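Worksheet: the structure to be examined is printed underneath.
Just so we're on the same page: letters track the sequence lines, and every chain starts at 1. What you see is a predicted model, and the numbers here were worked out from it, not measured in a lab. In what follows, every heavy atom counts, from backbone to side chain, and hydrogens, waters and symmetry copies are set aside.
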Amino acid sequence: MLQMSRLFLRTLRDDPADAEVASHRLLVRAGYVRRVAAGIYSWLPLGYITLRNIERVVREEMDRAGFQEVHFPALLPREPYEATSRWNDYGSDLFRLQDRKGGDYLLGPTHEEMFTLMVKGECSSYRDLPLTIYQIQTKYRDEPRPRSGIIRGREFVMKDSYSFDIDDAGLEKSYQDHRAAYIKTFERLGLKYAIVSAMSGAMGGSKSEEFLAPCETGEDTYVLCPSCGFAANVEAMSTKVSGKSYPDVPALETLDTPNTPTIDSLVEVLNKNYGGGFTAADTLKNILLFADDEPISVLVPGDREVDLKRLQANLPGVSELRLFEEEDFAKNPKFVKGYVGPQDAQSLGLKLYADPRVEIGSSWVTGANKSNTHARYVQNGRDFKVEKYVEAAEVRAGDGCPQCDTPVVIDRAIEIGHIFQLGRKYAKALDLTVLDSDGKPNVVTMGSYGIGVSRAVAAIAEQSHDQLGLRWPREIAPADIHIVATGKEDLPFDTAFDLAQKLEAAGARVMLDDRRDASPGVKFKDAELIGIPTIVIVGKGLANGVIEVRDRWAGTSSEIPLEGAADLLTQLLK
RNA sequence: CGGGGCGUAGCGUAGUGGCUAGCGCGCCUGCUUUGGGAGCAGGAGACCGGAGGUUCGAAUCCUCUCGCCCCGACCA
């Protein structure tokens with residue numbers, strides 16, 4: 001029984017000044033967490049109970065699926081990460097430290113290497129596979145910008161699993177098993193979620209899906225097709241190419257377009273001097289960037305912005321993408337800022353990429369690589385040659401679904417899980433092989449599966465709070481029932497305590513507000529802020545032999561007889 | 001790393017060169033109060049993020065520095 005007269009808890013009346021998003025504000029106000037440093041939080045009793053509840057659900061579903069729990073150190077030596085070159089590739093996100101002898105160590109940001117090495121040490125035959133093992137671990141990443149409280153921290157709790165299979169079919173099955181276990185897990189956690197196609201990103205690998213919890217403060221953007229159910233992270237969204245054809249485009253013509261360095265100014269001058277009817281979509285935007293120091297040009301229709309995240313995700317092997325800045329143009333006068341066109345890409349030494357949309361629409365107005373000059377009737381394939389089509393333009397609500405062309409909707413979400421087929425990258429790097437039935441060594445193929453456990457606390461808080469405070473799904477809440485005793489006599493307190501004991505005997509988890517010095521208003525406010533789903537008030541109703549039961553979710557209130565209340569309330573929990 | 005904002009008591013804040021740094025919440029003591037963040041009285045609690053400087057005098061001006069929040073870059 002959690003007795004508030006003794007509970008290590010202080011709730012705050014005001015929002016903390018450094019918290020913006022709801023989960024951060026409320027978790028701090030309700031006394032679940034406290035900030036220690038940027039992106040680093042301590043868990044107080046209520047918060048820690050909640051965190052462990054989520055861990056418990058995750059653990060139960062992993063175990064039920066037949067996966068086995070292990071536990072690695074968070075403090076790890078450099079060597080394994082050297083072998084996969086992640087000691088360097090992970091860059092400054094990696095917390096590195098030295099021991100007294102000067103040896104290099106790191107705080108684990110993720111544990112592929114350790115899992116792979118452990119299996120290597122224990123398994124040598126195909127008969128040992130398939131195998132899936134997991135851990136719930138504190139992970140460390142020195143985020144360039146921790147944000148949104150618990151949502152993106154530098155220290156966080158993550159469940160990570162790895163599957164080991166002999167072949168692709170086995171991997172696919174392990175992957176599907178995990179996917180099914182995740183669905184059960186997130187259902188139990190009471191999270192609304194979407195499963196979307198994703199890019200596998202820095203981890204490497206192929207097939208990849210994300211579990212996203214939709215909410216306004218999410219950092220991920222995804223598209224959803226209301227018709228066929230297609231869902232994808234915007235980075236993984238492919239463009240449905242459609243558009244009219246341009247059979248007879250006149251020869252390229254150069255136009256005087258004074259003072260038109262931007263699309264808007266260009267369209268205005270075109271419509272004034274060269275007949276009406278031009279829109280931004282008729283123009284071709286040339287964005288110059290450095291892809292790992294190599295200058296490239298990316299073409300998108302003039303009415304679209306370039307989405308650097310999408311572009312980067314779709315340029316595998318490019319680790320840094322940087323827009324041209326003033327000084328880059330100054331250093332390279334052959335590139336005329338505001339008037340770049342794709343016609344001379346080759347002679348300018350530019351690698352030419354284009355959004356798929358550029359493939360069809362093909363009578364463009366674009367820069368003529370000369371100040372105050374543009375060209376029209378510029379045709380793809382005739383006047384310029386694209387090296388590679390790559391998803392580059394921003395995705396918009398209403399864009400065609402790649403599967404069925406229905407206009408898609410766009411939403412924001414928090415990534416709470418990610419599953420992907422890693423393949424043999426780590427097994428190869430660390431030489432994880434098992435003997436197959438022919439007695440020949442076979443490189444093992446792996447899958448990798450993560451759930452942000454501490455992040456899930458915040459995601460649930462984001463999705464299920466109201467004006468008054470938090471509002472937990474019962475399985476996650478720090479207690480099933482929050483009993484508030486009011487009044488100044490002993491009777492309500494004794495009665496409430498008695499009820500709490502009966503409920504506990506029946507298996508319920510109870511929080512009892514038995515504070516004598518707090519006024520009823522304070523207790524009600526605290527109960528609402530803390531967010532336990534059922535609030536029971538033992539007070540003035542006692543005169544009539546009743547207590548009040550409030551449903552934090554429905555916002556409803558009803559009176560029930562004290563007599564038999566424990567049984568009735570226990571029924572509620574079923 | 002670029003842009004913006006902010007560091008004053010546990011929390012939220014006022015204070016743009018002048019006296020003892022003010023207020024609300026919270027905390028302590030006493031009395032009253034107990035169904036919506038109670039009232040009265042008394043009290044404790046701040047090296048004004050740090051260092052250096054300007055000045056007769058600095059929370060306040062200048063320089064540097066550390067930290068925090070937001071947007072972007074980046075990232076699960």
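Looking at every heavy atom in both residues, A/Val33 comes nearest to A/Tyr41 through CG2-CD2, 4.3 Å. The shortest heavy-atom contact between A/Asn286 and A/Val340 is ND2-O, 3.1 Å. For the pair A/Lys285 and A/Gly302, the tightest heavy-atom approach, listed with the atom from each and the gap, is CE-O, 3.6 Å. Taking all atoms of both residues into account, the shortest heavy-atom contact from A/Ser208 to A/Tyr175 is C-OH, 3.9 Å.
Between A/Asp517 and A/Arg515 there is no salt bridge, since no side-chain N of the basic residue sits under 4.0 Å from a carboxylate O of the acidic one. Between A/Asp355 and A/Arg304 there is no salt bridge, since no side-chain nitrogen of the basic residue lies less than 4.0 Å from a carboxylate oxygen of the acidic one. No salt bridge links A/Arg96 with A/Asp142; every basic N to acidic carboxylate O contact stays at or beyond 4.0 Å. Between A/Arg310 and A/Glu394 no salt bridge is recorded (no basic side-chain N to carboxylate O distance below 4.0 Å). A salt bridge links A/Arg86 to A/Glu112: at least one charged side-chain nitrogen sits closer than 4.0 Å to a carboxylate oxygen.
Comparing B/rC40 with B/rA59, their P atoms are spaced 33 Å from each other, to the whole Å. Nucleotides B/rC74 and B/rA58 have their C1' atoms positioned 41 Å apart, rounded to a whole Å. Distance noted for atom C1' between B/rU8 and B/rU33: 35 Å (whole Å). A gap of 35 Å separates the P atoms of B/rU54 and B/rG12, to the nearest Å. Atom name P, nucleotides B/rG45 and B/rA9: the rounded distance is 15 Å, in whole Å. Annotation: B/rG24 and B/rG39 have their P atoms spaced 11 Å apart (nearest Å). Separating the P atom of B/rG42 from that of B/rC6 is a span of 37 Å, rounded to the nearest Å. With C1' as the reference atom, B/rA21 and B/rU65 are 25 Å apart, rounded to whole Å.
Per the geometry, NZ belonging to A/Lys540 stands 13 Å off P belonging to B/rU34, to the nearest Å. Note: NE2 (A/His24) to C1' (B/rC70) measures 13 Å, nearest angstrom. Between the P atom of B/rG35 and the CD atom of A/Glu559 lies a distance of 15 Å, rounded to the nearest Å. When rounded to the nearest whole Å, the span between CD of A/Glu20 and P of B/rC6 equals 14 Å. Rounding to whole angstrom units, CG of residue A/Asp513 and P of B/rG35 are separated by 14 Å. Atom CZ in A/Arg34 sits about 18 Å away from atom P in B/rC68, given to the nearest Å. A straight line from CZ of A/Arg145 to C1' of B/rC69 spans 9 Å, rounded to a whole angstrom. The distance from atom CG of A/Leu9 to atom C1' of B/rG10 is 14 Å, rounded to the nearest whole Å.
Among the atoms of the strands shown, base atoms are found under 4.0 Å from some heavy atom of A/Glu143. Contacts of A/Arg35 with the nucleic acid, taken as non-hydrogen atoms under 4.0 Å apart, involve only primed sugar atoms and P, OP1 or OP2. Base contact: A/Ala518 has a heavy atom under 4.0 Å from a base atom. Residue contacts shown for A/Ser148 are limited to sugar-phosphate atoms, with no base heavy atom under 4.0 Å away. Within 4.0 Å (heavy atoms only), A/Glu235 reaches no atom of the nucleic acid at all. Using a 4.0 Å heavy-atom distance criterion, A/Gly450 is classed as making no nucleic acid contact. In this structure, A/Arg29 reaches the bases: a heavy-atom distance under 4.0 Å links it to at least one base atom across the strands shown.
Residue A/Ala38 has its side chain nearest to B/rC68 when only B/rG35, B/rC68, B/rC11 are considered. Distance from the side chain of A/Thr486 is smallest for B/rG35 among the nucleotides B/rA73, B/rC70, B/rG35.
In summary, of the residues considered (A/Arg145, A/Lys309, A/Arg147), a salt bridge (charged side-chain N to carboxylate O under 4.0 Å, His left out) with A/Glu219 occurs for A/Arg147 alone.
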Nucleotides 12-14 of chain B: which of its N/O atoms have a protein N/O under 3.5 Å away?
residue	atom	partner	partner atom	Å
B/rG12	OP1	A/Ala17	N	2.9

Got a list of protein N/O to nucleotides 26-31 of chain B N/O distances below 3.5 Å?
residue	atom	partner	partner atom	Å
B/rG26	OP1	A/Arg13	NH2	3.2
B/rG26	O2'	A/Arg10	NH2	3.2

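Residues A/Glu210 and A/Asn233 bring a donor and an acceptor atom of their side chains to less than 3.5 Å of each other.
For the pair A/Leu572/A/Ile481, no side-chain contact is recorded, criterion being any heavy-atom separation below 4.5 Å from C-beta on.
Annotation: A/Tyr81 is not in aromatic contact with A/Tyr90 [ring centroid separation under 6.0 Å not met].
If you check residues 302-314 of chain A against RNA chain B, the residues with a heavy atom closer than 4.0 Å are A/Lys309, A/Gln312, listed by number. Contacts between residues 548-556 of chain A and RNA chain B, defined by a heavy-atom separation under 4.0 Å, are made by A/Glu548, A/Arg550.
Contact annotation: A/Arg516 side-chain N/O to B/rU34 OP1/OP2 distance is not under 4.0 Å. Regarding contacts with the backbone of B/rA38, a side-chain N or O of A/Ser519 is found under 4.0 angstrom from either OP1 or OP2.
A/Ser163 places a side-chain N or O within 3.5 Å of a backbone atom of A/Gly447 that can act as its donor or acceptor partner. No donor-acceptor pair closer than 3.5 Å links the side chain of A/Lys159 to the backbone N or O of A/Glu55.
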Test side chain to side chain contact (heavy atoms under 4.5 Å, CB included) on A/His24 and A/Ser148 and set out the steps. CA-CA 6 Å; A/His24 189 195; A/Ser148 308; over 6 Å; no

A/Tyr140 and A/Leu106: CA distance, side-chain angles, deciding distance, side chain to side chain contact (heavy atoms under 4.5 Å, CB included) verdict: CA-CA 9 Å; A/Tyr140 297 87; A/Leu106 61 108; over 6 Å; no

Apply ring pair (Phe, Tyr, Trp, His ring centres under 6.0 Å) to residues A/Tyr134 and A/Phe67 and explain how you reach the verdict. CA-CA 7 Å; A/Tyr134 75 96; A/Phe67 313 146; 7.3 Å; no

Pairing pattern in dot-bracket form [Watson-Crick, G-U; both distances under 3.5 Å; | = partner strand] for RNA chain B: ((((((((.[[[[.)..(...]]]].((((((.....)))))).....[[[[[..)....]]]]])))))))....

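Across the interface with RNA chain B, nearest-nucleotide mapping of A/Ala37 and A/Asp93 shows A/Ala37 to be the residue nearer the 5′ end. Nucleotides of RNA chain B nearest to A/Arg154 and A/Leu529 differ in position, and the one nearer the 5' end is that of A/Leu529.
Checked against ring-ring contact (aromatic ring centres under 6.0 Å, His included), A/Phe115 has the following partners two or more places apart in sequence or in another chain: A/Phe72, A/Tyr162.
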